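In what follows, a structure is listed as structure tokens, so that the remarks can point back to it.
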2 protein chains.
Amino acid sequence: MSMSVHNRWMTTAMSTTPEALTACCTPTGEPAMSEETASSLAAQFKAIADPNRLRMVSIISSSENAEACVCDITEPLNLGQSTVSHHLKILVDAGVLTREKRGVWAYYSLVPGALDSLAGVLTSRP
Amino acid sequence: MSMSVHNRWMTTAMSTTPEALTACCTPTGEPAMSEETASSLAAQFKAIADPNRLRMVSIISSSENAEACVCDITEPLNLGQSTVSHHLKILVDAGVLTREKRGVWAYYSLVPGALDSLAGVLTSRP
DNA sequence: CACTGACATTGACATTCGTCGATGTCCTGG
DNA sequence: CCAGGACATCGACGAATGTCAATGTCAGTG
């Protein structure tokens with residue numbers, strides 16, 4: 001079962017209009033994007049698909065050495081400290097940010113090619 | 001109240017290490033990304049931050065005229081027809097796809113600059 | 001050596017999201 | 001005009017997400 005209940009329903013068409021009825025369901029052959037690739041990319045996009053996380057990345061990238069500590073990020077966002085830590089963890093787990101603990105403070109910075117790699121996915125279209 | 005409970009806790013530090021303790025919380029002045037911009041961008045990223053929706057975009061962009069009907073998209077995805085319609089609506093509402101109904105079928109195609117605009121957000125970093 | 005302050009982790013909660021089945025709408029063919 | 005097929009819309013439901021308060025951890029300080 002589950003064997004594609006679709007049954008090539010254009011076996012009785014292609015008669016009246018010249019090309020408006022002959023064009024549906026013409027697969028190109030390529031099986032589209034693989035499921036694993038899609039899941040991996042979706043996970044990375046999901047990491048930045050949040051208003052507060054986008055602002056965090058913005059704050060970090062526009063900071064002095066492209067790095068910022070949690071307090072720098074917490075203050076302009078009106079969020080609880082634990083919430084900010086949670087979002088930062090998501091961005092680190094997605095490979096967008098890196099965490100470096102210096103003394104008492106934790107500094108977050110952008111992973112060099114991460115966002116550009118994601119941008120490349122959106123622009124590389126044949 | 002709610003007036004920044006942080007109280008510049010580096011008024012008693014700056015003694016031992018040369019610069020490891022003098023760098024925390026040095027805001028650059030710019031208020032980061034605005035809340036409205038962040039919400040708008042996050043909504044667009046959220047639209048493509050799903051494995052199945054990414055594959056839909058991939059299927060459409062690699063199709064004949066960069067357009068595909070629902071049946072073209074439903075078949076390789078192993079999803080119900082209503083689920084596919086739902087995802088396509090999300091992509092249309094986000095400005096990524098356009099819908100054009102020709103005869104009985106609905107053709108979906110990419111909005112020309114949409115994904116490139118999103119990619120530009122990720123690459124334009126000073 | 002106890003204390004404070006920066007940050008992470010945990011548990012709880014409401015909200016949103018992804019998926020499906022059922023139903024509705026509209027076009028086409030007989 | 002009526003049947004059927006393509007697609008959209010409507011509930012419904014489990015899973016994931018965003019947020020907070022409370023607690024834990026660990027470095028630096030008096």
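Letters A, B, ... are given to chains in the order of the sequence lines, protein chains preceding strands, and every chain is numbered from 1. Keep in mind the model is a prediction, meaning the values are calculated, not measured.
Going from atom CG of A:Leu88 over to atom P of C:dT9 covers 11 Å, rounded to whole Å. Distance, A:Leu91 CG to D:dG18 P: 10 Å, rounded to whole Å.
Minimum atom distance to the side chain of A:His87 is reached by D:dT19, of the listed D:dT19, C:dA8, D:dC7. The nucleotide whose nearest atom lies closest to any side-chain atom of A:Val104 is, among C:dA6, C:dC7, D:dC7, C:dA6.
Looking only at distances, no side-chain donor or acceptor of A:Ser39 sits under 3.5 Å from a matching main-chain atom of A:Glu36.
For the pair A:Tyr108 and C:dA8, the criterion of a side-chain N or O lying under 4.0 Å from OP1 or OP2 is met. The side chain of A:Arg102 places no N or O atom within less than 4.0 Å of a non-bridging phosphate oxygen (OP1 or OP2) of D:dA27.
Ion pairing of A:Glu67 with A:Arg102 is present here, as a side-chain N (NZ or NE/NH1/NH2) and a carboxylate O approach within less than 4.0 Å.
For B:Ser117, the side-chain contact (heavy atoms from CB on, under 4.5 Å) criterion is met by no residue, not counting sequence neighbours.
Counting non-hydrogen atoms under 4.0 angstrom, A:Lys101 reaches nothing in the nucleic acid.
Taking every heavy atom of residues 44-54 of chain A and every atom of DNA chain D, pairs under 4.0 Å involve A:Lys46, A:Asp50, A:Asn52, A:Arg53, by number.
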Atom pairs, protein N/O to nucleotides 20-24 of chain C N/O, distance under 3.5 Å:
| residue | atom | partner | partner atom | Å |
| --- | --- | --- | --- | --- |
| C:dC20 | OP2 | B:Gly80 | N | 2.9 |
| C:dC20 | OP2 | B:Thr83 | OG1 | 3.0 |
| C:dG21 | O6 | B:Ser82 | OG | 3.1 |

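The side-chain heavy atoms of A:Val57 and A:Leu115, taken from C-beta on, include a pair separated by under 4.5 Å. For the pair A:Arg53 and A:Ile48, the minimum side-chain heavy-atom distance is 4.5 Å or more.
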